[in-house]
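When a ligand or atom number is given, it counts from 1 through the structure's own listing order.
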Amino acid sequence: MQKLLSLVILFSVYCHAQNPYPEDYFRNPLDVTLVLSGTFGELRSNHFHSGLDIKTQRREGLKVYAAAEGYISRIKISHYGYGKALYITHPNGYTTVYAHLQKFSPTIEAYVKKLQYEKESFEIEVFPNSDELILTKGDVIAYSGNTGGSGGPHLHFEIRDNEERPINPMLFGLDIKDTTAPDIKNVYAYPINEDSHVNNSNERQKLRLIRLDNGDYTVENLKAFGKIGFGVEANDRQDLASNNNGVSNIQALFNGNMKFEIDFKRFSFDETRHLNRLIDYEHYKTKKKRIQKLFVEPNNPLSMYKNLDNDGYLTINDSTASVYKICVKDFKNNNSWITINIEGNKSQDIEQKDKFSSDFFIYANKTNELVDKTIEVHFPQNTFYDDFFIDFRVQNDTLTLHDDTVPVKNNFSISYDISNYGPEDSDKLFIARLVGYRKQYTIYSPTYRKDNILTTSTKTLGTYALVSDNIAPTIKPINVSEGKWISNYRYLKIQIDDKESGISNYRATINGKWILMEYDYKTKLLQYDFNDKVSTETKNNFKLIVTDNVGNSTTFETMFYRK
Ligand SMILES: [Zn+2]
């Protein structure tokens, strides 16, 4: 009996080792059925998605519950990114994150408002002590919203371990209905070396997918030689929503042996930008489709690879027959297989790709400087993953710095010497990135000035120029005007905008006292809640100063009545 018992214990320990995460500790943070608009590890712009995006029935204001007992350990409000966000630390060491919230529960809201009024700032970040905001599982902590960089009402929910690494919340038992296998959009073959080729070409080849009756895929037979790799474009759909989400795992086998695996279960924020090394960045930037490469190039620090054999690369010899299989899985282990039959065939007559070359060569592991009269570009060591010829041209104040088809790992700087501008003009200059088909749109690149040098730090290659902003921000009152009675309004609403360098800051007062105006960059709206009761007077003087990124400012003043 003793023996049997220890065997049972041993077995259950073994089972737990399969999934080390507690499966019934956390509850659904909403009380609606879990339907996702985003899965964990999903490929996004410059990052992997770090949580679940839970649909909130196309509206805001759904109650958000503490997923388990714990205390609020961090509150952050920012114009962009997560907007209004709460972090709960739980006794088991995990932290849950709730983002894009509309507002907090009354207790937390009061805690935050006090701080905002002390600091005279809408944007804040605070780390409350463990005895301040204590919660029981299921307590209402907030209401769902669409704040920050959210493109529609939803709740962004994360679970992080004690090293701040996000983990797929579905590993904790949050159940999402999914019975459909991932969808394979495209498969590509990549000749790697100068002498390797696929279907008589040294360039990346799109393979024609053939769907089989059982839902799996194959491609037309492939002729190849030398060192090659593959890439796949795939996504997944859950049962209750029609939107495309990310897949959970991809494996590749060569003649029955495991060659490659990537598993999107956990990562760290340090590595999230290296998504640009996983995908074919140039293809993404030109075609807006993300091919995931099933081979690992040098300088790829992603931790999610497993079971790599020769980094996922294949070597195809002449006159051989081999089989390459790709298996794409969703979290529920629904899978789609792609079978690729490869005929080893050395061809004499192969198309070579035209490689770009210029007078400027970048060594990824060295510091590189590019200088032309008034412009200086400084790339620290390891700014890039690969060595490459860079397209570097200067015409007046317009700098062509390649284009955004080469992924950038770390920040580099661009400096302009503006001594040849008069003091009046030079005060209004900023560095902008030019985008659009005709480079007709400018994007403000955070610009710092020291004497006559303007510098920006960026992670994006492309076209840059000096742009002048002589136009002050606009201020448009929505529900207030001189001498108006506005007793019936809960909020004071003002729209602000700055088309050139953009808004840097704003400050609003009533009768000289600072008021909290919440800012939403998407609607360009500033809102003050009269329930904050900054003024109890009948006659009120409202004043708002808005400043843009080069220091132009606009002041708006009006008098209103309220009882
Ligand atoms: Zn999200």
Side-chain angles (χ1 to χ4, degrees), residues 26-67 74-88 94-104 125 141-161 164-172 174-178 235-238 240-248 264-276 278-279 284 290 304 330-331 520-522:
F26 296 111
R27 56 156 285 172
N28 175 350
L30 297 172
D31 54 15
V32 297
T33 307
L34 286 170
V35 182
L36 303 184
S37 57
T39 49
F40 183 86
E42 194 167 287
L43 313 177
R44 300 275 178 94
S45 173
N46 298 319
H47 69 283
F48 294 97
H49 190 233
S50 53
L52 301 178
D53 281 346
I54 307 173
K55 293 195 179 204
T56 52
Q57 306 175 334
R58 295 199 175 84
R59 59 200 170 97
E60 298 186 24
L62 268 57
K63 283 178 183 162
V64 178
Y65 302 94
R74 184 179 175 194
I75 306 169
K76 190 173 179 186
I77 299 179
S78 49
H79 293 147
Y80 308 102
Y82 284 6
K84 294 187 185 180
L86 288 178
Y87 297 70
I88 302 176
Y94 293 100
T95 298
T96 48
V97 185
Y98 313 75
H100 310 304
L101 302 168
Q102 179 191 54
K103 62 179 181 202
F104 306 125
E125 181 172 23
I141 53 164
Y143 297 86
S144 69
N146 187 30
T147 54
S150 166
H154 75 279
L155 175 71
H156 172 95
F157 177 68
E158 277 178 35
I159 301 179
R160 297 183 185 177
D161 67 11
E164 285 283 311
R165 289 177 299 195
I167 303 162
N168 189 346
M170 292 173 77
L171 286 162
F172 293 81
L174 292 186
D175 195 38
I176 287 111
K177 209 164 182 236
D178 187 356
N235 47 44
D236 188 47
R237 217 165 42 72
Q238 275 98 41
L240 303 173
S242 61
N243 48 283
N244 286 324
N245 290 132
V247 305
S248 178
F264 302 101
K265 283 195 176 59
R266 184 185 76 191
F267 61 88
S268 74
F269 288 102
D270 301 344
E271 65 181 292
T272 197
R273 191 177 170 86
H274 302 302
L275 162 105
N276 292 338
L278 163 69
I279 63 169
Y284 170 60
R290 293 185 177 97
M304 290 177 283
D330 61 23
F331 185 82
D520 177 29
Y521 78 95
K522 288 171 291 194

Between Asn235 and Asn245, is there a side-chain donor-acceptor contact under 3.5 Å, judged purely by atom types and distance? no
Under 2.8 Å: N/O/S of His49 next to the Zn ion (ligand 1): yes
Would you name the N/O/S atom of His156 that lies closest to the Zn ion (ligand 1)? ND1
Apply side chain to side chain contact (heavy atoms under 4.5 Å, CB included) to Thr56 and Leu30, showing your working. CA-CA 9 Å; Thr56 52; Leu30 297 172; 3.9 Å; yes
N/O/S atom name from Asp53 that is nearest to the position of the Zn ion (ligand 1): OD1
Cation-pi check, Arg27 onto Tyr65 ring (under 6.0 Å, within 45° of axis): yes
Could you walk me through whether Tyr94 and Arg160 satisfy the side chain to side chain contact (heavy atoms under 4.5 Å, CB included) test, starting with their C-alpha distance in whole Å, then the side-chain angles of each, then the deciding distance to 0.1 Å, before giving a yes or no? CA-CA 6 Å; Tyr94 293 100; Arg160 297 183 185 177; over 6 Å; no
